[in-house]
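The analysis underlying the following values was restricted to heavy atoms, covering all of them including side chains, and did not include hydrogens, waters or symmetry mates. In what follows, chains carry the letters A, B, and so on, assigned in the order in which the sequence lines appear, proteins first and then strands, with residues in each chain numbered from 1.
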Protein chains: 2
Amino acid sequence: MATLGELERSVMDVLWDSTDALTAGDIRDDLAHGNAEGVGKELAVTTVLTVLSRLEAKNFVTRERDSRPHLFSASTSRAAHMAELMHEVLGAAPDREAVLARFVGQVSPREADALRRILAGK
Amino acid sequence: MATLGELERSVMDVLWDSTDALTAGDIRDDLAHGNAEGVGKELAVTTVLTVLSRLEAKNFVTRERDSRPHLFSASTSRAAHMAELMHEVLGAAPDREAVLARFVGQVSPREADALRRILAGK
DNA sequence: ATCAACTTCTACATAGTGTAGAAAGGAGTT
DNA sequence: AACTCCTTTCTACACTATGTAGAAGTTGAT
């Protein structure tokens with residue numbers, strides 16, 4: 001629904017890549033020397049917390065207030081989020097089938113197969 | 001690639017809905033009592049021109065400078081644009097097939113059929 | 001009661017977008 | 001050539017989202 005900025009997106013990536021909930025400090029560290037790209041400048045923890053609050057407000061993140069350093073986790077899976085984004089795009093088009101045709105037309109053969117399989121599975 | 005604002009998007013919609021190129025004045029009128037929703041407050045032509053310039057800079061719009069009132073047209077079809085957006089979303093995901101699965105999972109039966117047809121057509 | 005860690009508040013810079021007036025350009029008319 | 005009208009470009013400002021973080025407030029532990 002809402003669009004994510006670059007940092008917000010990075011934070012979400014960290015959360016999506018993690019199996020368990022993380023603290024703001026964890027996330028800051030992951031962002032710094034994280035596996036992802038970007039030199040990863042050291043951010044202040046408050047910066048990360050601000051972003052997390054905003055993400056919480058946007059319902060992208062869930063916060064466990066009981067834990068002392070609050071624990072954060074993504075409220076939706078990345079796949080679900082991405083799929084929703086795609087549906088949003090599609091929903092904004094009057095000519096949905098045309099869009100789908102274009103879309104599928106540019107999909108790799110490998111992915112086309114994946115699509116067939118998925119569709120076969122009803 | 002670049003994100004479009006609300007007005008930019010409306011202008012693109014006008015252009016996409018038109019078969020031939022339009023002048024800024026045409027577009028302003030279409031926006032006002034256009035077929036689309038929104039009360040359509042009368043905008044200044046300069047406003048429309050500003051937006052058109054920005055859209056041109058973003059390569060969403062082509063301008064014919066020869067015609068006296070310049071003529072504008074969408075440089076890409078709506079379907080192509082939407083499909084590209086979807087690919088952008090998909091491209092940002094590491095687990096593309098998972099996203100596709102989710103996406104297809106939420107597609108209407110009618111559209112699922114459309115997809116099968118499209119995929120069958122190779 | 002105090003301290004240290006943590007969270008929330010407040011704040012500011014930047015960029016993108018909506019919006020349009022002021023200034024400038026060009027083509028026809030006198 | 002000068003004038004005028006229509007059109008375009010320039011300049012400008014407000015508002016929002018986002019990145020960024022210090023200051024202030026809160027709370028558990030000692």
Find the distance [X]:[atom1] to [N]:[atom2] and express it as a whole number of Å.
X: A:Arg65; N: C:dA5; atom1: CZ; atom2: P; answer: 22 Å
X: B:Asp66; N: C:dG26; atom1: CG; atom2: P; answer: 14 Å
X: A:Leu31; N: D:dG19; atom1: CG; atom2: P; answer: 11 Å
X: A:Glu42; N: D:dG19; atom1: CD; atom2: C1'; answer: 16 Å
X: B:Leu7; N: C:dG16; atom1: CG; atom2: C1'; answer: 13 Å
X: B:Arg54; N: C:dG16; atom1: CZ; atom2: P; answer: 10 Å
X: A:Lys58; N: D:dT16; atom1: NZ; atom2: C1'; answer: 11 Å
X: A:Leu52; N: D:dG19; atom1: CG; atom2: P; answer: 12 Å

What's the closest nucleotide to the side chain of A:Thr47 if the choices are D:dA21, C:dT17, D:dT9? D:dA21

Of A:Arg68 and B:Glu8, the one whose closest DNA chain C nucleotide lies more 5': A:Arg68

Would you indicate what [X] reaches in the nucleic acid, counting non-hydrogen atoms under 4.0 angstrom: base, sugar-phosphate, or nothing?
X: B:Arg9; result: nothing
X: B:Leu49; result: base
X: A:Thr50; result: base

On DNA chain D, does the nearest nucleotide to B:Pro69 precede the nearest nucleotide to A:Ala44 from the 5' side, or the other way round? Give the residue. B:Pro69

Using a distance-only test with no angle check, is there a side-chain donor-acceptor pair under 3.5 angstrom linking B:Asp13 and B:Ser10? no

Using distance alone, with no hydrogens and no angle criterion, decide if A:His70 and A:Arg65 have a side-chain donor and acceptor under 3.5 Å apart. no

Less than 4.0 Å between a side-chain N and a carboxylate O, is that true for A:Lys58 and A:Glu8? yes

Using a strict 4.0 Å threshold on nitrogen-to-oxygen distance, state whether B:Asp113 and B:Arg110 make a salt bridge. no

Could you tell me whether the phosphate oxygens of D:dT9, OP1 or OP2, come under 4.0 Å of any side-chain nitrogen or oxygen in B:Arg63? yes

Hey, could you give me the CG/NE2 distance between B:Leu90 and B:His87, rounded to the nearest 0.5 Å? 7.0 Å

